[in-house]
Amino acid sequence: MELPKKYSFEESEKKWAEYWKKKKVYRYDEKSEKPVFSIDTPPPTVSGNMHIGHAFSYAQGDIVARYHRMAGKNLFYPYGTDDNGLATERLVEKLKKVNSKSMKRDEFRDLCMKTLEEIKPDFTSDWVKIGVSADFEGSYSTIDNHCIKTSQKSFLDLYKKGHVYTEESPVSWCVHCQTAIAQAEFENVDMTSHFNNVIFKQGSKELVIATTRLELLPACVALFAHPDDERYKDLKGKFARVPLFDYEVPILYDENVDMEKGTGLMMVCTFGDKDDVFKWHKYKLPLKTAITIQGKMNDEAKGYEGLPIKEARKKISEDLERQGLLVSKKDITHAVNVHERCGTEIEILKTKQWFIRVLDKKQELIGAAEKIKWHPEFMKKRYVHWVENLQWDWCISRQRHFGVPFPVWYSKKTGEIILADEDQLPVDPLSDKPKTLPKGHTYEDIIPEEDVMDTWNTSSLTPQIALGWAENDSKYKKVYPMSVRMQAHDIIRTWAFYTIVKGLYNSNDIPWKNIMVSGFVLDPKGDKMSKSKGNIIMPQEVIGKYGADGLRYWAAGSKLGEDMSFQEKDVVTGKKTVTKIWNASKFTIMNLKDYNAKPLKELELKDLRVMDKWIVSKVMRAVKNATESFESYEYSRSMRETDVLFWHKFCDNYLEFVKHRTYEAKDEKSKLAAQKTLYYSLLSILKMFAPVMPFITEEVYQVYFKGVEGFESIHVSDWPSFNKKLLFEKEEKAGDLAVRVVSDIRKHKSEKGLSLKTELGRVEVSCSDEDKKLLELVVEDVKAVGNVKEFVFSKGKELTTKIN
RNA sequence: GGGCCCAUGGUCUAGUGGCUAUGACAUCUCGUUUACACCGAGAAGGUCCCCAGUUCGAGUCUGGGUGGGCCCACCA
């Protein structure tokens with residue numbers, strides 16, 4: 001059996017991806033006795049193409065997954081896509097050039113489903129191409145019936161347990177998407193604005209307040225000063241007149257007013273920010289709404305009705321100025337919360353929404369994080385910090401079309417909430433009817449809940465979805481909590497947090513025992529990638545140029561949790577490694593031509609020479625370290641270990657040291673020992689590389705080793721096990737000395753401009769007696785590699801090599 | 001303002017208290033040796049950000065700076 005001269009990753013990667021699929025190599029085995037290792041994978045949002053961050057993070061997760069599969073675990077490794085919610089709506093609106101708000105809900109839903117069908121196969125194929133070894137056949141979609149059912153069951157469960165409530169209250173709102181949104185969907189951006197000093201009249205006195213939000217003047221409900229502020233002490237119980245809108249608001253005092261800021265006198269509107277909400281609650285202020293859900297002024301803003309917020313702000317500014325009520329106007333830059341999906345500034349509007357209680361469970365939610373092992377550990381702090389700083393309960397209702405419907409109706413008569421029965425799920429209240437009606441009600445007396453759920457309400461249930469919680473699947477009982485969650489750090493505050501919430505509330509336990517959090521891919525300069533900057537790296541292009549193995553090698557080079565700037569040269573190194581594996585394998589297998597290989601159970605030590613034991617020892621140490629690193633999710637350490645073993649021990653040295661024993665074999669026993677060792681070392685190295693570079697290792701395995709070892713694929717073969725008996729200290733030391741002397745010889749030839757092949761007359765090594773004893777064991781090998789005629793020793797303290 | 005992470009040859013980077021600080025890329029020199037020119041063998045290149053401390057010993061641990069990045073808060 002021989003390997004062709006060149007390796008084509010294009011052909012090979014395609015071939016093995018198909019093979020793995022056909023042979024169902026990545027199937028979870030329900031009947032297996034092996035311990036289960038389960039992975040909670042992030043369902044990517046179907047958005048056209050996989051981006052480089054996906055490739056990075058999934059590759060890292062997959063490397064860990066492949067290790068555990070080889071290490072004897074029964075892998076439960078599901079895959080799904082997250083395709084309900086705003087992201088998908090936006091995509092469909094863009095692709096199909098429609099506006100969801102002007103369509104009927106079911107029409108738009110159908111269009112979304114149809115569009116997903118069209119684009120999903122291409123999208124998912126990217127995951128297959130980078131070698132993700134999940135079980136794609138059991139894929140779920142967060143908008144399929146199973147997920148809707150799971151999501152609705154979770155809702156009913158939480159409702160019954162008292163974790164869900166609905167109320168009309170001030171909630172963050174996106175006027176562009178026209179829906180409520182959650183705190184986790186905020187993004188902070190710096191914006192330029194104006195800090196305006198505006199005159200309020202108090203009798204004949206002029207009071208100046210500072211504001212950036214002039215359009216909220218008609219929503220002003222009070223003025224506030226600090227109780228100790230001398231300037232405003234005599235205003236107690238007085239009222240001020242709102243400019244332009246000409247009505248009076250009370251002047252009140254609160255400790256948290258900052259005397260230094262602005263004029264020390266502030267206006268409270270319903271609602272400009274969270275602090276307004278706070279004071280509105282605390283002082284039971286009236287509600288005066290000036291902005292509609294579409295982001296236009298309503299008739300509270302007399303004279304400005306129908307104007308969009310920013311235009312109203314401008315016009316009010318002009319009108320104030322004209323009337324001499326604008327004292328000053330200063331340009332400022334300040335941080336503003338915007339909706340991450342569309343960049344629109346967030347408003348606070350009083351609307352009816354559904355919430356999941358989290359503020360009253362902060363301690364439990366932080367306690368859960370303590371029970372989970374975080375990799376790397378410091379990522380836990382991000383979670384804890386987020387939970388500690390939560391300000392709102394989780395708002396889960398969205399005034400959108402494409403999402404999981406609430407399994408809820410209302411009574412027109414009494415307003416009471418009517419829940420769906422669990423056994424009628426999945427349910428769409430717009431078309432379905434409740435199984436049980438309240439007393440004295442007919443179907444005519446009920447109206448459906450029209451809102452849909454936040455997409456995170458469903459994707460936070462990935463463990464329950466994958467394990468069949470809603471179906472009372474035995475798998476759920478057996479596997480939950482899952483072994484590990486893999487994800488990137490940007491969604492700790494959403495996906496990780498929400499999944500833990502659902503785990504505690506629905507399943508009474510943490511969702512997984514471990515979480516591995518990967519970093520971010522930055523552009524070559526270390527900046528964030530973004531479409532607007534035009535610095536996006538497409539993984540498809542990288543794969544096309546260097547192959548999936550090359551890309552995975554690159555992804556494996558970064559420590560877990562660490563951001564990494566994309567350097568093309570690192571992918572080149574990956575591709576070089578692939579080529580090197582190919583060439584080294586080709587050479588090794590060539591040397592095994594007449595070797596009668598048997599399945600490798602335990603290496604037979606009989607007849608092994610010193611250099612053989614040297615490489616076996618090196619393999620063993622690498623196996624030990626790589627295994628330990630993998631067990632603690634440190635795949636980059638593990639790969640480095642294998643890398644050093646392969647390049648510097650196996651290729652640079654061992655292969656050179658055995659050539660003289662296999663080429664013109666004078667000693668059959670020695671040749672056989674070398675072959676045995678070659679077989680053992682190469683197979684071990686291939687296995688150790690297999691999680692990182694699944695394609696090239698499979699190629700070599702299939703061509704040669706499969707016929708001997710018998711496993712369907714290298715990826716279901718067993719991970720090399722550490723065996724203390726295969727550590728040979730003396731031989732290792734001797735081999736290290738041989739390598740050192742050979743290195744001196746190479747250096748000499750290089751400095752003299754000689755070919756490495758040049759024969760040397762005499763090499764004299766001066767060293768201690770101890771080293772001499774060891775070196776004598778490998779003299780023949782050193783002579784062969786260095787092409788040395790005569791080799792002599794002399795006594796010396798330090799090991800030095802003299803050549804003439 | 002709070003929290004977290006980071007700082008190592010030109011660039012990126014390993015380094016979990018212990019000989020001369022790791023590797024890759026780039027640079028230079030040599031070598032077409034029958035696994036590999038998508039190569040190999042070498043060379044040069046470092047105040048391990050600064051200060052103080054702990055220690056027999058610090059790139060590594062502690063404290064304090066400086067600089068960079070990320071997250072959160074700040075929106076009157």
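Chain letters run A, B, ... following the sequence lines, proteins first and then strands; every chain starts at 1.
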Would you say A/Lys747 reaches B/rC30's phosphate, i.e. side-chain N/O to OP1/OP2 under 4.0 Å? no

Phosphate OP1/OP2 of B/rG15: any A/Lys559 side-chain N/O under 4.0 Å: yes

Is the backbone of A/Leu359 close enough, under 3.5 Å, to the side chain of A/Asp393 for a donor and an acceptor to pair up by distance? yes

Would you say the side chains of A/Asp331 and A/His194 form a donor-acceptor pair under 3.5 Å? yes

Any A/Gln183 side-chain nitrogen or oxygen under 4.0 Å from OP1 or OP2 of B/rA73: yes

Which part of the nucleic acid does A/Gly262 contact within heavy-atom distance under 4.0 Å: base, sugar-phosphate only, or nothing? nothing

Looking only at atom types and distance, does a side-chain atom of A/Trp647 sit under 3.5 Å from a main-chain N or O of A/Thr577, one as donor and one as acceptor? no

Output row for RNA chain B, stems defined as at least 3 consecutive Watson-Crick or G-U pairs under 3.5 Å, is B:1-7 with B:66-72, B:10-12 with B:23-25, B:27-31 with B:39-43, B:49-53 with B:61-65

For A/Thr588, which contact category applies under a 4.0 Å heavy-atom criterion: base, sugar-phosphate, or nothing? nothing

Does A/Ser558 use its side chain to pair, donor to acceptor, with the backbone of A/Met564 at less than 3.5 Å? no

Can the ring centres of A/Tyr553 and A/Tyr546 be said to be less than 6.0 Å apart? no

Does a distance-only test, which skips hydrogens and angles, find a donor-acceptor pair under 3.5 Å between the side chain of A/Thr579 and the base of B/rC38? yes

Residue met sooner reading RNA chain B from 5', once A/Ser629 and A/Thr212 are mapped to nucleotides: A/Ser629

Do A/Tyr654 and A/Thr677 have side chains that get closer than 4.5 Å, going by heavy atoms? yes

Answer with yes or no whether A/Asn188 presents, from its side chain, a donor or acceptor under 3.5 Å of a partner atom in the base of B/rC74. yes

Determine the contact category for A/Glu562: base if any of its heavy atoms lies under 4.0 Å from a base atom, sugar-phosphate if only primed atoms, P, OP1 or OP2 are that close, otherwise nothing. sugar-phosphate

Rounded to whole Å, please give me the gap between CD in A/Glu388 and C1' in B/rC71. 13 Å

Mind checking the P distance from B/rG1 to B/rG65? Whole angstroms is fine. 13 Å

Quick one: A/Asn625 CG to B/rA14 P, roughly how many Å, whole number? 17 Å

Rounded to the nearest Å, what distance is computed from the CZ atom of residue A/Phe650 to the P atom of nucleotide B/rA35? 13 Å

Classify A/Asp490 by what it touches in the nucleic acid, base, sugar-phosphate, or nothing, heavy-atom distance under 4.0 Å. nothing

Output one line per pair: protein atom, nucleotide atom from nucleotides 22-24 of chain B, and distance, for all N/O pairs under 3.5 Å.
| unit_1 | atom_1 | unit_2 | atom_2 | d |
| --- | --- | --- | --- | --- |
| B/rA24 | O2' | A/Thr573 | OG1 | 3.4 |

Shortest side-chain distance from A/Arg746, nucleotide among B/rG42, B/rA35, B/rU33: B/rG42

Mind checking if A/Cys651 touches a base, just sugar-phosphate, or nothing, with heavy atoms under 4.0 Å? base

Give a yes/no answer on whether the side chain of A/Lys528 brings an N or O atom under 4.0 Å of OP1 or OP2 in B/rC71. yes

Report yes if the side chains of A/Phe587 and A/Leu678 come closer than 4.5 Å at any heavy-atom pair, otherwise no. no

Report the distance from atom CD1 of A/Ile332 to atom P of B/rC74, rounded to the nearest whole Å. 15 Å

Rounded to whole Å, how long is the line connecting atom CG of A/Asp258 with atom C1' of B/rC74? 11 Å

Length of the CZ-P vector between A/Phe520 and B/rC70, whole Å: 11 Å

Atom NZ of A/Lys274 to atom C1' of B/rA73: distance rounded to whole Å? 8 Å

Is it true that A/Tyr679 and A/Phe705 have ring centroids separated by less than 6.0 Å? yes

Checking contacts here: which listed nucleotide (B/rG31, B/rG42, B/rA35) is nearest the side-chain heavy atoms of A/Glu751? B/rG42

Under 4.0 Å, counting only non-hydrogen atoms across every strand here, what does A/Trp647 touch: a base, just sugar-phosphate, or nothing? sugar-phosphate

Between A/His385 and A/Asn196, the residue closer to the 5' end of RNA chain B by nearest nucleotide is A/His385

Hey, does A/Lys749 reach any base, or is it just sugar-phosphate, or nothing, if we go heavy atoms under 4.0 Å? nothing

Residue pair A/Val700 / A/Tyr7, side-chain heavy-atom distance below 4.5 Å: no

Gap in Å between the two P atoms, one belonging to B/rA41 and one to B/rA35, rounded: 14 Å

Atom-pair distance (CD1 on A/Ile685; P on B/rA35), nearest Å: 17 Å

What does A/Phe195 touch in the nucleic acid at a heavy-atom separation under 4.0 angstrom: a base, only the sugar-phosphate, or nothing? sugar-phosphate

Counting only side-chain nitrogens and oxygens, does A/Ser750 get under 4.0 Å of the OP1 or OP2 atom of B/rU29? no

Between A/Lys580 and B/rC38, does any side-chain N or O lie under 4.0 Å from OP1 or OP2? no

Mind checking whether A/Trp374 and A/Tyr383 have ring centres under 6.0 Å apart? yes

Quick check with a 6.0 Å cut-off and a 45 degree axis cone: is A/Lys279 positioned over the face of A/Phe224's six-membered ring? yes

Check this one for me: any side-chain N or O of A/Lys380 less than 4.0 Å away from OP1 or OP2 of B/rC4? no

With a 4.0 Å cut-off on N to O distance, would you call A/Lys624 and A/Glu628 a salt bridge? yes

